[in-house]
Participant: 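Can you keep this structure in mind? I'll have questions shortly.
Letters A, B, ... mirror the listed sequences (proteins, then strands); counts begin at 1.
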Number of protein chains: 2
Amino acid sequence: MSQARERGIPDATVARLPLYLRALNGLAERGTATVSSEDLAVAAGVNSAKLRKDLSHLGSYGTRGVGYDVQYLIYQISRELGLTQDWAVAIVGVGNLGRALANYGGFVSRGFRVAALFDADRSVVGERLVGMAVDHIDALESVIEDRGVSIVVIATPGAAAQQVADRVIAAGITSILNFAPVVLTVPDGVDVRKVDLSTELQILAFHEQRKADRDTGSPMMAGDWAEVMDA
Amino acid sequence: MSQARERGIPDATVARLPLYLRALNGLAERGTATVSSEDLAVAAGVNSAKLRKDLSHLGSYGTRGVGYDVQYLIYQISRELGLTQDWAVAIVGVGNLGRALANYGGFVSRGFRVAALFDADRSVVGERLVGMAVDHIDALESVIEDRGVSIVVIATPGAAAQQVADRVIAAGITSILNFAPVVLTVPDGVDVRKVDLSTELQILAFHEQRKADRDTGSPMMAGDWAEVMDA
DNA sequence: GTACCTTTGTGAAGCTATGCACAAAGTGCG
DNA sequence: CGCACTTTGTGCATAGCTTCACAAAGGTAC
């Protein structure tokens, strides 16, 4: 390893590690002991050279002529991602999405634990979900502190999201996963990741339209702006 | 425009267009008529030079010294993304996540319409959701054809996802949004986008761990592999 | 019409990520 | 032991994305 472990794994690599981890867990379940970069790359749906380069950023964990020990690699990636420790997660907003998230199997997988649920609607407060009672949003700060929450998932309507973010940041949270369809404004040092369902659909629609255009040979014209505006 | 409209908008740009569109809709609601790249960039949370270059790929729709006409730009981006036409979307898997998706406001926003719901569980079939009755998965192919579905959302358990994908592709679908935690194998020409809730959490955990390491000055050692394996 | 101001659109530079291709390192057989 | 085979780890070239910085273009005031 030359430039390897010197703290600084490319973001693109970090984003793929969970993918490799899942593929490895699949192999482990089927009892596979070692795997080559080629086979693992196929299972993860990436190019094998990229996979090897990604793994080389973590260290030199393979054996030439053999491949990677599945269990050992699972451990190394888990450790790098911080999954060997327990993360207390709070979900704010127990609507349809919040419920889905709380129940989502992979969500509560190794390393993550739903430690608190919040909602503003008093008719929901007290309800039990995955063994947790829903707390009222008024108790946000105290519950976060009491239960050692370090990651907050925002699953509220868009209008409430910024306010929730401000409060949890004031309470010391620096990692937020945002499902609300708004751009959160946060101070430096706070990480926000956004998952946006409609964005993904729109990107698909773009490509689907491209295919249709190519088939019919009729890319829509920039013309009828006036008509559209009248409607 | 020099290399502008010649069909070929960078993926990175396409991925940001929905973001701009949302920011613009927010401005439109507040009655703003025109906006500068600088202000729009702030609203969308990006660098203004990047915003301008992104928009320049669509054409030259701004006015120097003034900015962009909000309504006009909304129309142009919508058109480019294919949102001026109606997309019939089917959701396969009406569990917690499927229900959340069907009810998600932004999901049924301009351009998209939930046209079919499927589940394998007969106790769910017939149930009504957002004005649609849930169909049994057996009717997948015929309903997709009858209702002109062109985009399929897979919200099934991981084990069922590949099989669902194979069937909808055989039925002519070429755009899939996959929420199941598996890598789908699909033929060329089929677009798959994956939304993975646990992946996002894992990336957050990585960064959160980094911050913690920096504070305590104690990056976890590669040591105790044996201990962990014994557990 | 002219001078000044604002803001776009883009050339060019720098940075990051990808993928090829191969030397180095290990396995295993005769 | 030596040779043939496998597979990793990485130097290098290429492709793609981001950011800077500024000329060109339009608006406004007088």
Participant: Between N or O atoms, less than 3.5 Å apart, protein on one side and nucleotides 21-28 of chain D on the other: list the pairs.
Facilitator:
from   : atom 1 : to    : atom 2 : distance (Å)
D/dA21 : N6     : B/R52 : NH2    : 3.4
D/dA24 : N3     : B/R64 : NH1    : 2.7

Participant: Would you find a donor on one side and an acceptor on the other, under 3.5 Å apart, between the side chain of A/T63 and the backbone of A/V66?
Facilitator: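 Checking the backbone N and O of A/V66 against the side chain of A/T63, no donor-acceptor pair under 3.5 Å is found.
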Participant: Pairs under 3.5 angstrom, nitrogen or oxygen only, protein versus nucleotides 12-14 of chain C, please.
Facilitator:
from   : atom 1 : to    : atom 2 : distance (Å)
C/dA12 : N6     : B/K53 : NZ     : 3.1

Participant: Report yes if a side-chain nitrogen or oxygen of A/Y68 is closer than 4.0 Å to either non-bridging phosphate oxygen (OP1 or OP2) of C/dG26; otherwise report no.
Facilitator: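 Checking A/Y68 against C/dG26: no side-chain N or O falls below 4.0 Å of OP1 or OP2.
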Participant: Where each residue is assigned the nucleotide of DNA chain C containing its nearest heavy atom, which of B/G62 and A/K50 is assigned the position nearer the 5′ end?
Facilitator: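 Looking at DNA chain C, the more 5' nearest nucleotide goes with B/G62.
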Participant: Using a strict 4.0 Å threshold on nitrogen-to-oxygen distance, state whether B/R52 and B/E38 make a salt bridge.
Facilitator: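 A salt bridge is absent here (no side-chain N lies under 4.0 Å from a carboxylate O).
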Participant: Does C/dG9 have OP1 or OP2 under 4.0 Å away from a side-chain N or O of B/S60?
Facilitator: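 Indeed, a polar side-chain atom of B/S60 lies that close.
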Participant: Do A/L83 and A/L21 pass the side-chain contact (heavy atoms from CB on, under 4.5 Å) test, and can you show the C-alpha distance, the side-chain angles, and the key distance before you say yes or no?
Facilitator: CA-CA 11 Å; A/L83 303 182; A/L21 193 51; 3.6 Å; yes
Participant: So, A/W87 side chain and A/G82 main chain: donor-acceptor pair closer than 3.5 Å or not?
Facilitator: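 Such a contact is found between A/W87 side chain and A/G82 backbone.
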Participant: If you take all heavy atoms of A/R22 and B/P181, which pair is closest and at what distance?
Facilitator: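 In terms of heavy atoms, the two residues are closest at CD-O, 3.0 Å.
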Participant: Between OG1 of B/T156 and CD1 of B/I91, what distance do you get to the nearest 0.5 Å?
Facilitator: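 Spacing of OG1 (B/T156) from CD1 (B/I91) equals 12.5 Å.
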Participant: Taking CZ from B/R16 and P from D/dG16, how many angstroms apart are they, rounded to a whole number?
Facilitator: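 For the pair B/R16 CZ and D/dG16 P, the rounded distance is 15 Å.
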Participant: For the residue pair A/Y68 and A/Y61, is the inter-centroid distance of their aromatic rings smaller than 6.0 Å?
Facilitator: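 Aromatic pair excluded; centres sit 6.0 Å or further apart.
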Participant: Side-chain N or O of B/S36 less than 4.0 angstrom from OP1 or OP2 on C/dT7?
Facilitator: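 Negative; the distance criterion is not met.
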Participant: Using 0.5 Å steps for rounding, measure from the CZ atom of B/R16 to the CG atom of B/L55.
Facilitator: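 Rounded to the nearest 0.5 Å, the CZ-CG separation comes to 10.0 Å.
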Participant: Given B/Y20, which partner from the list B/T13, B/V46, B/L73 fulfils the side-chain contact (heavy atoms from CB on, under 4.5 Å) test?
Facilitator: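 When B/T13, B/V46, B/L73 are each tested with B/Y20, the side-chain contact (heavy atoms from CB on, under 4.5 Å) holds only for B/V46.
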Participant: Does C/dT7 have its OP1 or OP2 closer than 4.0 Å to a side-chain nitrogen or oxygen of B/Y61?
Facilitator: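 Checking C/dT7 against B/Y61, no side-chain N or O comes under 4.0 Å of OP1 or OP2.
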Participant: So, OP1 or OP2 of D/dC20: does either fall under 4.0 Å of a side-chain N or O from B/N47?
Facilitator: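 Indeed, a polar side-chain atom of B/N47 lies that close.
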Participant: Start at the 5' end of DNA chain C and walk down; is the nucleotide closest to B/L55 or to A/D54 reached first?
Facilitator: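 The answer here is B/L55.
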